[in-house]
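Remarks on the structure that follows.
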Amino acid sequence: MLERIREGSQSLWVKVFLVLIALTFALAGIGGYIANQPEPAVAMVNGEEITQVEFDRAVENERARQQQQMGDFYDQLARDPRFTQQLRMRVVNDLVNQKLLEQAAKGQGLRVSADQVKAAIRDISSFKVAGQFDNDLYLTTLRSLGYTPDGFAQVVRRDLVTQQLVQGVISSEFVLPSEVDATQQLIGQTRSGKYAEVALADYLAQVEVDEAAVEAWYNENIQQFAVPEKVKLAYVLIDAGSIAEAIEIAEEEVQAYYEGNMSRYSTEPQYRFSHILIESGDDAAAAEAEAEALLAELEAGADFAELAEANSDDVFSGEQGGDLDFIEAGTMDADFEEAAFALENVGDMTGVVETSFGYHIIKLTDIKEGSVTPLEEVRAEIITELQDERVKQRYYELQQQVAELTFEVPDTFAPVNEELGLAVQETELFSRNAAPSPLDSAAVLEPVFNGPLISEQLNSELIEISDTESVVVRVLEHEAASTQPLDEVRAQVSEQIRRERAQEMATERAAELVAKLQADEATGVDFTALDNVSRQVPGHPRAVIQKLFNLSAPAAGNVTADTANLANGNVAVVALSGVQAGSIDEAQTAQLQDQLMNSYMQESYQAVVSALRADAEIEILLNSANETQE
C-alpha cells in the first residue's frame with residue numbers, strides 16, 4: 001500500500017483522470033472521426049467499432065509521447081518488434097477502455113451544455129497563442145483537418161460527457177483524518193529487536209559430495225548448462241552519421257539555395273480582418289436580408305465591433321468584436337478570401353459576401369508589411385538542410401551500390417571495400433541474446449538465426465536497421481545449440497551441491513535459534529541490537545530490515561522471530577521485540593491526504609473499467625502482424 005501511495009505521489013494521475021481523454025489528444029486524433037468511407041476495425045466493443053484510423057493515430061501519439069520521455073533510448077527499444085507489438089496492444093486496450101466509458105456515460109444519459117463545450121474548446125492549448133484563445137488558429141486548424149466547428153464540438157461534447165462519468169466515480173472517494181494519521185504513523189514507524197547471522201562458511205567444510213550426487217544434480221538441472229546457438233558474422237555497415245562527417249557545403253551552394261528558396265525567408269504582407277457572419281440556416285433569403293440590414297447600419301456609421309458582438313453567428317470572433325486576427329491566403333473560404341484580400345486600405349469594408357458558411361460583412365483592420373530574413377541569419381539552417389539532403393542522397397546511393405555488389409559477388413565483401421571504401425568488420429561468436437551493436441536488432445537477428453544464411457554462408461540482402469543505418473551480413477562460423485558435458489562442469493556442480501547442503505544446514509540451525517528465542521531460552525549466540533530503526537536504516541542487511549518489518553507485533557515482554565536469507569548465502573535470525581508508531585507531522589498531513597486520495601481514485605477508476613470490461617463483449621481484430629487479445 002505504501003509503495004502505491006509513493007508511486008501515486010510522483011504522477012499526475014488525478015489530473016489525468018479529470019481530463020480522461022485529453023482534449024488536445026482529441027484534436028491530435030481528430031482525423032479518426034472525419035473519414036467518410038468505411039475503415040477497417042481493429043476492435044469491436046459491444047457492437048461498436050474502433051477504426052484503424054483511430055488506432056493508427058493513437059499509436060503515433062503514444063510513440064511520440066514515449067520518444068519525448070525516453071529520448072535516444074526509445075530508438076533502441078523501437079527496433080525490437082516485441083516492444084512495438086506490446087505498445088500497439090496497450091494502445092488498443094486503452095481505446096477499448098475509452099469506448100466502454102463513452103458507452104457507459106451515454107447509457108446513463110449524461111449531458112453537457114453548449115456553454116460547457118465552448119469553454120472546453122477555448123481551453124484547448126492547440127488553439128491558443130500566447131496563452132489566449134485564437135479564433136483564426138481555431139478555424140484554420142479545423143479547416144485543415146476537414147472538420148466543421150459543429151463536428152468538432154460534437155467530439156468535445158462526447159469527451160466532456162465521458163469526463164462527467166469519471167469525475168462522478170472518483171469524486172465519491174474520500175479520506176478520513178484518522179486514515180491520514182494512521183498512514184503517517186505507519187510510514188514513520190520504527191521497530192526494535194535484534195539479529196544474528198548463521199554463516200554459510202561454517203557448514204561448507206562439513207559437506208561431502210559423491211559422484212552419484214553430482215550426476216543426479218547435473219541431470220536434474222541440465223537446462224542450466226545449455227549453450228545457445230552462436231554465429232560469427234562479417235558485415236558492412238552503411239551509416240548516415242559517418243557520411244555526414246565527410247560532407248562539406250560550399251558558400252556558392254548556400255547562396256544559390258537561399259536565392260532559390262527566397263519565399264521561405266520572406267514574408268508577404270499580412271492582413272487583419274474582422275467579420276460579421278450570418279449563417280444561411282434554413283432560410284438563405286432571410287439571412288441575406290439580415291446581413292444587408294447590418295451593412296446598411298454600418299454604412300450609416302454604426303460601430304462594427306458592437307454589431308459583430310450582438311449579431312454574428314461566429315460566436316468566438318463575435319465576442320472579440322468580429323476580429324479574425326491576421327490571416328494568410330489559403331486558410332479561409334475561397335469566396336471569403338477573394339472579397340477580403342480585394343480590400344486595399346485599413347478601414348475598408350466589403351459588401352455582403354456569400355460563402356459556404358453563410359453571409360459575411362468583412363472589414364480590413366490592419367496591415368503588416370512583408371520582410372526578408374538576411375542570409376546571415378539563416379546560413380546555419382541552410383547548411384544543415386543541404387547537408388541532410390546530401391547525406392540522404394549519398395546514403396541511398398550507397399544502399400543501391402552495396403546491394404548490387406554484394407549480390408553480384410555473394411561470397412565476399414571485397415568489392416564493397418575496394419570500390420566504395422566501406423570497412424568490412426567481423427564479430428566474435430555471439431548468441432541471439434548477446435549480439436553486439438549495431439547488429440542487436442531483430443531486423444538482423446531474425447534472418448541470421450532463422451533463415452538460410454547459416455547453411456549458405458552467403459551475403460544477406462540489404463537490411464535496414466533504422467532510418468540511418470543499413471547492413472549486409474555474412475555468416476563466417478556457426479555453433480549449434482548444445483549442452484556442456486558433465487566433465488566440463490563437474491567442479492561447478494559439486495560446488496553448487498555443497499552450497500545447497502550447507503544452506504540447508506544453516507537454515508536448520510537458524511530455525512533452532514528461532515525456536516529458542518520464542519521459548520525465551522538462551523541461544524549462546526551474539527546478536528546485533530536494532531533500536532528504533534526505520535525502514536530505510538543503513539548499515540544492516542536489507543533482508544534483515546524487511547523481515548523485521550514483516551513480523552507481527554509481539555505481546556508485551558515477548559518477541560516474534562523468523563529467518564531471512566541474505567545475499568551472501570548466510571541465514572539471519574531476526575527477532576522483533578517492540579513496535580513504535582511514527583509521529584504525526586501536521587505540515588505533511590495535507591500532502592499525505594492528497595496522496596491517499598490519488599491512490600483511492602486510481603483504484604476506483606480501475607475498478608470501474610474492470611467491471612465494464614467484465615460485462616462487455618470485446619473483440620480485438622488487429623491484423624496478422626499483431627497478437628490478438630480478447
Side-chain angles (χ1 to χ4, degrees), residues 1-6 178-179 181-210 212-214 216-217 220-221 224 492-585:
M1 175 179 177
L2 297 178
E3 289 300 325
R4 290 201 302 271
I5 293 172
R6 277 193 284 272
S178 59
E179 292 179 274
D181 292 346
T183 302
Q184 198 168 17
Q185 289 175 326
L186 180 59
I187 293 173
Q189 183 187 95
T190 61
R191 294 192 167 201
S192 298
K194 57 185 179 180
Y195 74 97
E197 294 187 35
V198 179
L200 182 68
D202 293 343
Y203 298 92
L204 285 172
Q206 303 176 29
V207 178
E208 295 183 1
V209 181
D210 57 27
V214 171
W217 196 97
E220 291 172 2
N221 299 275
Q224 295 186 21
Q492 177 184 340
V493 171
S494 180
E495 179 61 21
Q496 184 62 36
I497 294 173
R498 290 178 67 242
R499 291 187 65 85
E500 288 182 2
R501 291 183 179 178
Q503 183 90 40
E504 292 173 0
M505 296 167 68
T507 300
E508 290 174 1
R509 173 55 179 160
E512 292 173 4
L513 294 176
V514 168
K516 289 183 177 182
L517 286 172
Q518 292 176 333
D520 196 21
E521 297 177 2
T523 61
V525 175
D526 291 331
F527 280 83
T528 300
L530 298 169
D531 295 323
N532 290 330
V533 297
S534 66
R535 299 173 191 271
Q536 291 79 36
V537 64
H540 301 288
R542 187 62 193 155
V544 168
I545 301 304
Q546 289 177 337
K547 179 61 67 175
L548 186 72
F549 278 86
N550 285 340
L551 289 171
S552 57
N558 294 327
V559 299
T560 54
D562 201 354
T563 62
N565 294 322
L566 306 185
N568 61 5
N570 294 347
V571 181
V573 177
V574 184
L576 173 65
S577 58
V579 177
Q580 299 80 38
S583 59
I584 297 175
D585 185 350

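- Using a cut-off of 4.0 Å between Lys/Arg side-chain N and Asp/Glu carboxylate O, Glu504 and Arg501 are scored as not salt-bridged.
- In this structure, Val571 and Arg509 have side chains that are not in contact, with every pair of non-hydrogen atoms separated by 4.5 Å or more.
- Using a distance-only test at 3.5 Å, with no hydrogens or angles considered, a donor-acceptor pair links the side chain of Asn570 to the main chain of Leu200.
- Here the shortest heavy-atom pairing between Ala553 and Val579 reads CB-CG2, 3.9 Å.
- Screening Leu530, Leu548, Leu517, Thr528 against Lys194 for a side chain to side chain contact (heavy atoms under 4.5 Å, CB included) leaves a single residue, Leu517.
- Here the side chain of Arg499 pairs no donor or acceptor atom with the backbone of Gly569 at under 3.5 angstrom.
- The minimum heavy-atom distance between Ala561 and Val514, with the atom names listed, is O-CG1, 3.7 Å.
- A donor-acceptor contact closer than 3.5 angstrom links the side chains of Ser192 and Asn532.
- More than 12 heavy atoms of other residues, nucleotides or ligands sit less than 6.0 Å from atom CG of Asp210.
- Side chains of Lys516 and Val525 form no contact here, defined as non-hydrogen atoms less than 4.5 Å apart.
- Once rounded to the nearest 0.5 Å, the distance linking CD of Gln189 with OG of Ser583 reads 12.5 Å.
- Paired with Trp217 under the rule side-chain hydrogen bond (donor to acceptor under 3.5 Å, both in side chains), one option of Glu500, Gln224, Gln496 passes, and it is Glu500.
- Nearest approach of Asn550 to Arg191, heavy atoms of both residues: N-NH1, 4.3 Å.
- The two residues Thr560 and Ser552 have their closest heavy-atom pair at OG1-O, 2.9 Å.
- Residues Pro541 and Tyr195 share a closest heavy-atom pair of CD-OH, 3.5 Å.
- In this structure, CZ in Arg498 is found 11.0 Å from CD in Gln206, a value given to the nearest 0.5 Å.
- For Thr523 (side chain) and Leu513 (main-chain N/O), no donor-acceptor pair under 3.5 Å exists by modelled atom type.
- Here Arg535 contributes atom CZ and Ile545 contributes atom CD1; the two are 11.0 Å apart, rounded to the nearest 0.5 Å.
- Atom CG of Asn568 is surrounded by more than 12 heavy atoms from other residues, nucleotides or ligands within 6.0 Å.
- To the nearest 0.5 angstrom, Ile497 atom CD1 is 9.0 Å from Asn221 atom CG.
- A pairwise comparison of heavy atoms in Asn565 and Ala543 identifies O-CB, 3.7 Å as the closest pair.
- Atom CD of Glu197 is separated from atom OG1 of Thr563 by 13.0 Å, given to the nearest 0.5 angstrom.
- Here the OG1-CD distance, from Thr190 to Gln580, works out to 4.0 Å after rounding to the nearest 0.5 Å.
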